[in-house]
Q: 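Let me give you the structure first, and then I'll get to my questions.
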Amino acid sequence: MRYARLETNDMINGEGVCVSFWTQGCPHKCQGCHNPGAWDFDGGMPLPNDIRGQIIKAISANGLTRNFSVLGGEPLCDYNIKTVANIISAVRIAYPDIKIFVWTGYNLEDFNECQKAILDKIDVLVDGPYIEELRDITLKLRGSSNQRILQKGIDF
Ligand code: SF4
């Protein structure tokens, strides 16, 4: 697997300060996508072997505990899901009480078994493809009004 970016003090994506991890590769190719550079599965950078350790360390760096956000690209496509699930599991074990956010271009109703398996480890899922005609810059955490902010215990 490859990744696009790791941001260790992200105050835009998620809640509070987050460690944010952008996966590389996206099969959706939404018209008007804000991040077309993340479409190519051969783009980005090779994933370091110690990525889980890097993320776990970054979450509690300098005495501040951060939340964790996973974005794309498409974190939950076949190519990325296994590694992403592995990273999320490791973060959840290390930090049972932080909030974990995941963005996906799939709708929750269409999740396969592998995708469903991450739901018990995350807190917030922002789902659905970006639809240019439904673009709304006033929305929190999402770009178009079809996309939903789904919360554990309420929506899944
Ligand atoms: S799912 Fe996200 S990254 Fe993929 S094409 Fe759509 S907007 Fe872009």
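Everything numeric in this text was worked out from a predicted model, so none of it was measured. In each ligand, atom 1 is the first atom listed, and ligand 1 is the first ligand listed.
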Q: Could Asp123 and Lys152 be called an ion pair, given the rule that one side-chain N must be under 4.0 Å from one carboxylate O?
A: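 Salt bridge between Asp123 and Lys152, a charged N being under 4.0 Å from a carboxylate O: no.
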Q: For atom 8 (Fe) of ligand 1, which protein N/O/S atoms fall under 2.8 Å? Skip waters.
A: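 Under 2.8 Å from atom 8 (Fe) of ligand 1 - ignoring waters, which are not counted - the protein N, O or S atoms are Cys33 SG.
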Q: Is it true that Glu109 and Lys116 make a salt bridge, defined as a side-chain N closer than 4.0 Å to a carboxylate O?
A: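 No, this pair does not count.
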Q: Would you say Ile154 has more than 12 foreign heavy atoms packed within less than 6.0 Å of its CD1?
A: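 Check passes, neighbour count above 12.
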Q: Ring centres under 6.0 Å, that's the criterion: do Tyr106 and His28 meet it?
A: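 Yes.
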Q: Regarding Arg135 and Glu133, does a basic nitrogen lie under 4.0 Å from an acidic carboxylate oxygen?
A: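 No, this pair does not count.
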Q: In a check of side-chain contact (heavy atoms from CB on, under 4.5 Å) between Val102 and each of Leu71, Ile88, Val126, which one passes?
A: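 Testing each of Leu71, Ile88, Val126 against Val102, the sole residue satisfying side-chain contact (heavy atoms from CB on, under 4.5 Å) is Ile88.
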